[in-house]
Amino acid sequence: MKVYVKPHANDIWTVGSRKNVKNSKGRNPEGAANLSVIDVSLKAETKGQLSKGKNGAGKAKKLGKGVPLAEAIEGKMIISRGSPCNCQATRHPLVTNCLSCGRIVCEQEGEGPCNFCGALVLKEGSTYAGLERCAGPKSDSEVAARAFKDRLVEYGRTSSQRTTVIDDQSDYFQIDDNAWLSEEEKQAIMKRQEEARLAEEARKKNVVVTIDLLGRKVIMADDTENSPEISSSILNAGPAAQRHDNLRIKPNPSVVENPVFLNLQQQRHAGVAVENIHSGRKPKALHSKSLFRGTGRVQHDDPFESVFEEKYSEENNGNLANTKWMTPKIKDNSNLCSFDDEDCLQDESKEITVFDICPPQTSNRVSLSPSILAQKQAERSRKMEDSSSVLMPGLILLKGWLNQNNQVEIVKRCRDLGVGPGGFYQPSYNYGNRMHLYMMCLGMHWEPLTKSYEMKRSIDGATPPSIPPLFQDLVANCLDDARHMYEDAIKGPDKGRKIMDLVPEMHPSICIVNFYERSGRLGMHQDKDESQESLRQGLPVVSFSIGDSAEFIYGLDRDESSAQTIVLESGDALIFGGPSRMVYHGIVSVIPRTAPSSLIEKTNLRPGRLNLTFRQM
Ligand SMILES: O=C(O)CCC(=O)C(=O)O
Ligand SMILES: [Fe+2]
């Protein structure tokens with residue numbers, strides 16, 4: 001064991017004794033310098049000494065010569081560093097504990113061998129007896145050991161910080177034993193929780209399951225208000241401009257086998273109910289209030305796609321007796337007929353169902369007042385378009401241009417022509433699905449299947465009736481009026497344009513007469529099957545609307561959602577020519593019960609809308 005011996009006081013320490021002072025004063029000038037250091041150190045180590053006198057420096061000098069007895073007795077003063085002291089650092093500042101025996105070593109005892117066990121007691125970073133200078137470079141293992149020690153010490157120091165657990169659960173989520181809540185707060189929270197639980201239970205009991213036949217999905221909702229999908233896509237199909245898209249059948253990725261669409265009309269042909277009709281009796285189901293009416297739609301990208309709907313509605317009054325039924329071939333005797341099944345559609349074109357837009361009046365007519373919806377729509381349209389206007393360069397709306405006599409006359413002529421050869425029929429489009437509008441062409445026949453004009457209609461070989469002179473005159477007058485109106489309204493960039501470029505002369509050789517029942521519509525399209533020359537010159541299309549109002553959309557492309565909407569009312573004339581000749585347009589809906597009642601009284605026009613578009617080939 002290595003024994004340490006305290007170095008001689010003169011080597012390191014200059015103790016404040018008379019003898020040493022004398023020595024240093026007398027013989028060693030450096031010692032004098034040391035003395036003053038020691039004096040200062042004594043002054044610092046002797047609490048309150050300097051503050052007692054006015055002249056601190058003088059006192060310090062005196063102190064260098066001697067110490068007050070009382071303080072020496074009390075042991076507050078370090079008289080001879082290294083001598084044993086049992087104050088346990090109560091009187092003198094602590095040096096440290098002896099790492100061997102644990103003795104508390106105070107400044108009086110100082111660094112050096114422990115007065116109890118002799119082990120060396122040193123302060124952190126001590127320079128005792130020149131230890132630091134003596135210590136050679138530290139070995140790697142010592143450096144590592146020290147670093148490890150420092151780490152452990154640091155861990156110990158910060159352990160309480162690192163190991164504190166913040167119990168969120170108890171602070172925020174537990175109510176019963178939450179130390180942060182008062183009794184009242186706990187009660188209030190528990191009451192709210194109970195209410196929420198009861199409401200949730202009630203909600204779960206009130207489940208509405210909606211079978212969306214159109215979208216081919218089953219939707220669970222708490223109530224109809226919470227099922228916007230249903231309300232927008234089926235009940236009201238969203239705003240007019242989006243209606244077409246909303247109603248489109250979208251592929252259901254979860255359906256492995258595609259459903260078969262039944263054309264109830266064809267199904268009836270196939271023998272389910274047709275016998276009853278032919279025998280003069282209504283199909284059984286018609287008497288029953290619980291008749292299930294399936295509504296579906298065949299979707300094509302063609303504008304003339306149309307909603308089909310099995311109809312025993314007010315339009316037909318259930319009276320099917322005058323209707324000729326065609327007999328499609330049914331494969332495998334099956335009553336089911338898919339719209340994609342071409343066999344169902346063969347021969348269908350051989351017979352034409354006569355469609356009378358003004359059926360003879362059989363009973364006293366009960367005229368119903370317009371629905372609230374129709375009234376609102378009409379009001380809106382009045383507000384929107386009080387007067388005639390130029391909607392786009394070359395697209396002109398003449399509100400109420402046809403007077404009532406004109407309207408009545410047009411309806412009567414169309415009716416007469418419509419029930420004759422080449423009259424109204426319900427065209428089929430690709431795959432045989434029927435358009436939900438009735439059509440008659442005057443002058444030339446426009447064939448929806450080929451989208452081209454023909455002199456005789458291929459469907460039955462009939463020659464289209466000619467355009468009555470009255471109609472020709474009306475078109476010419478209408479174009480004149482449009483030009484006058486346009487000239488007055490021209491502003492901005494069109495100002496310098498010649499009016500005849502905007503509304504060129506047009507001598508109609510074709511009139512397409514459409515009759516839309518209330519579910520009728522016409523997809524976004526361009527009228528572009530006339531001759532290249534006609535289109536190039538922008539010869540206008542003139543359109544007359546009669547009967548129920550309709551929402552007409554138009555725009556620069558096929559996108560219905562970005563299209564503009566106007567309501568065309570009975571008597572309105574719309575002209576699109578010049579720069580608007582190729583405008584996209586369509587009918588999104590017919591607004592029920594909006595036809596002028598006097599027109600109905602005079603013509604017995606069916607519920608629906610009659611539209612005539614005149615074009616030059
Ligand atoms: O019914 C209408 O207003 C438009 C008719 C139409 O665009 C057409 O027949 O090409
Ligand atoms: Fe058109």
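One-based numbering, in listed order, for ligands and for the atoms of each.
Of all atoms in ligand 1, listed by their number and element, those nearer than 4.0 Å to a heavy atom of R615 are 8 (C), 9 (O), 10 (O). Each of the atoms 10 (O) of ligand 1 lies under 4.0 Å from some heavy atom of D527. Heavy-atom proximity to I587, at under 4.0 Å, picks out these atoms of ligand 1: 1 (O), 2 (C), 3 (O). Of all atoms in ligand 1, listed by their number and element, those nearer than 4.0 Å to a heavy atom of N611 are 1 (O), 2 (C), 3 (O), 4 (C), 5 (C).
A distance-only check finds a donor-acceptor pair linking the side chain of R606 to the backbone of D356 [under 3.5 Å]. Put simply, the side chain of S534 never gets that close to the backbone of L539: no donor and acceptor are under 3.5 Å apart.
Among H585, R609, Q526, the residue whose heavy atom lies closest to atom 3 (O) of ligand 1 is R609. Of the candidates Y516, W446, Y554, F515, Y516 brings a heavy atom nearest to atom 1 (O) of ligand 1.
The distance between the ring centers of F614 and F544 falls below 6.0 angstrom. Taking the six-membered ring for Trp and the full ring otherwise, the centers of F515 and F355 sit less than 6.0 Å from each other. Here the two rings, on F576 and H585, have centers that are under 6.0 Å apart.
Ligand 1 is never approached by R521 to a heavy-atom distance shorter than 4.0 Å.
Between the NE2 atom of H585 and the OD2 atom of D527, the angle centred on the Fe ion (ligand 2) amounts to 90° when rounded to 10°.
With a 4.0 Å heavy-atom cut-off, ligand 1 is reached by the side chain of L522 but not by its N, CA, C or O.
For the 3.5 Å distance criterion, the side chains of R521 and S589 fail to qualify, holding no donor opposite an acceptor.
In this structure, the side chains of Y453 and R615 come closer than 4.5 Å at one or more pairs of heavy atoms.
Ligand 1 has no N or O atom lying under 3.5 Å from any N or O atom of S545, backbone or side chain.
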